[in-house]
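Let me begin by presenting the structure, written as structure tokens, before commenting on it.
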Amino acid sequence: MRFVFRFEALLTYRAHLKERAEVALGRVRQRLRKARENLEALQTRHRESFCDLSTLLKGRAESELLRSHVEFLNALQGRIERQVQEVERREQKVRQHLNIVVARTKEYRIIEKLKEKDYETWRYEQNLQEQKAMDESAAIRHGRAFL
């Protein structure tokens with residue numbers, strides 16, 4: 001006789017939910033990584049442009065060129081601030097998805113532990129049945145010896 005878990009469908013369903021939550025978490029983490037990379041690229045570009053402006057200020061430069069450089073730096077700073085907000089928003093989404101994964105994992109493990117307990121109970125009952133069959137067999141053999 002083989003062990004059949006009474007809530008196997010529920011265990012499979014919870015495993016599926018957990019897996020979907022983990023995949024969603026992976027996608028959100030990937031988007032966060034890209035947002036951080038974009039932020040880093042913007043910050044690098046800002047540093048480089050600021051160094052270029054410093055170089056222009058040390059030498060002779062036209063006022064129009066300086067003004068356009070400053071406007072570019074200001075626009076870049078605005079983009080950096082928006083990207084920082086985007087990174088923070090994506091970090092919050094990662095935390096939310098992580099909480100969902102933790103909750104789904106707990107739900108799955110509860111049913112998994114129930115399966116383990118049911119298996120142990122089933123195994124104990126199987127051992128009792130085997131012992132009973134062996135005892136009956138021994139009693140029958142022992143009874144024949146006296147005949």
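As the structure is a prediction and not an experimental result, all values here were calculated from the model. Any value given below was found using the heavy atoms of this structure, including those in side chains, with hydrogens, waters and symmetry copies removed.
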Does [X] reach the side chain of [Y], with side-chain heavy atoms less than 4.5 Å apart?
| X | Y | answer |
| --- | --- | --- |
| L57 | H69 | no |
| F5 | I111 | yes |
| L42 | H46 | no |
| N74 | V70 | yes |

Is there a path from [X] to [Y] through hydrophobic residues (I, L, V, M, F, W, Y) whose side chains come within less than 4.5 Å of each other?
| X | Y | answer |
| --- | --- | --- |
| L53 | L65 | yes |
| L76 | V84 | yes |
| F50 | L66 | yes |
| L73 | L39 | no |
| L11 | L114 | yes |

(message) Is a donor from one side chain sitting under 3.5 angstrom from an acceptor on the other, for Q131 and D135?
(response)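 There is such a pair between these side chains.
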
(request) Quick one: list whatever passes ring-ring contact (aromatic ring centres under 6.0 Å, His included) with F3, sequence neighbours left out. (result)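 Applying ring-ring contact (aromatic ring centres under 6.0 Å, His included) to F3 gives Y119, W122.
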
(request) Please answer whether the main-chain N or O of K117 pairs with a side-chain N or O of T121 as donor and acceptor at a distance below 3.5 Å. (result)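 Such a contact is found between T121 side chain and K117 backbone.
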
(request) Could you tell me whether E120 and R123 have a side-chain N and a carboxylate O separated by less than 4.0 Å? (result)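 Here E120 does not pair with R123 in a salt bridge, since their nearest N and O are not under 4.0 Å apart.
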
(message) If we check side-chain contact (heavy atoms from CB on, under 4.5 Å) with V87, which of these qualifies: E91, Q85, R89?
(response)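 It is E91, the one option of E91, Q85, R89 that forms the side-chain contact (heavy atoms from CB on, under 4.5 Å) with V87.
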
(request) Could you go through the side chain to side chain contact (heavy atoms under 4.5 Å, CB included) check for F7 and R14 one step at a time? (result) CA-CA 11 Å; F7 297 120; R14 294 239 173 120; over 6 Å; no

(message) If the condition is side chain to side chain donor-acceptor pair (under 3.5 Å), which residues does R79 pass it with, not counting sequence neighbours?
(response)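 Applying side chain to side chain donor-acceptor pair (under 3.5 Å) to R79 gives none.
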
(message) Tell me every residue that passes salt bridge (Lys or Arg N to Asp or Glu O under 4.0 Å) with E130, counting only those two or more places apart in sequence or in another chain.
(response)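 So E130 forms no salt bridge (Lys or Arg N to Asp or Glu O under 4.0 Å) with any residue.
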
Got a list of side-chain donor-acceptor pairs under 3.5 Å for residues 21-34, not counting sequence neighbours?
{"residue": "R33", "atom": "NH1", "partner": "E37", "partner atom": "OE1", "Å": "3.4"}
{"residue": "R33", "atom": "NH1", "partner": "E37", "partner atom": "OE2", "Å": "2.3"}

(request) Over all heavy atoms of both residues, which pair between Q83 and A35 is shortest? Give the atoms and the distance, please. (result)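 Taking Q83 first and A35 second, the nearest heavy atoms are NE2-O, 3.0 Å.
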
(message) According to side-chain contact (heavy atoms from CB on, under 4.5 Å), who are the partners of T44, at least two apart in sequence or on a separate chain?
(response)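 Expected list: E40, R47, E48.
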
Do any side-chain atoms of residues 92-109 form donor-acceptor pairs under 3.5 angstrom with protein atoms, and if so which ones, sequence neighbours left out?
{"residue": "N99", "atom": "ND2", "partner": "R95", "partner atom": "O", "Å": "3.4"}
{"residue": "T105", "atom": "OG1", "partner": "V101", "partner atom": "O", "Å": "2.7"}
{"residue": "Y108", "atom": "OH", "partner": "E112", "partner atom": "OE2", "Å": "3.4"}

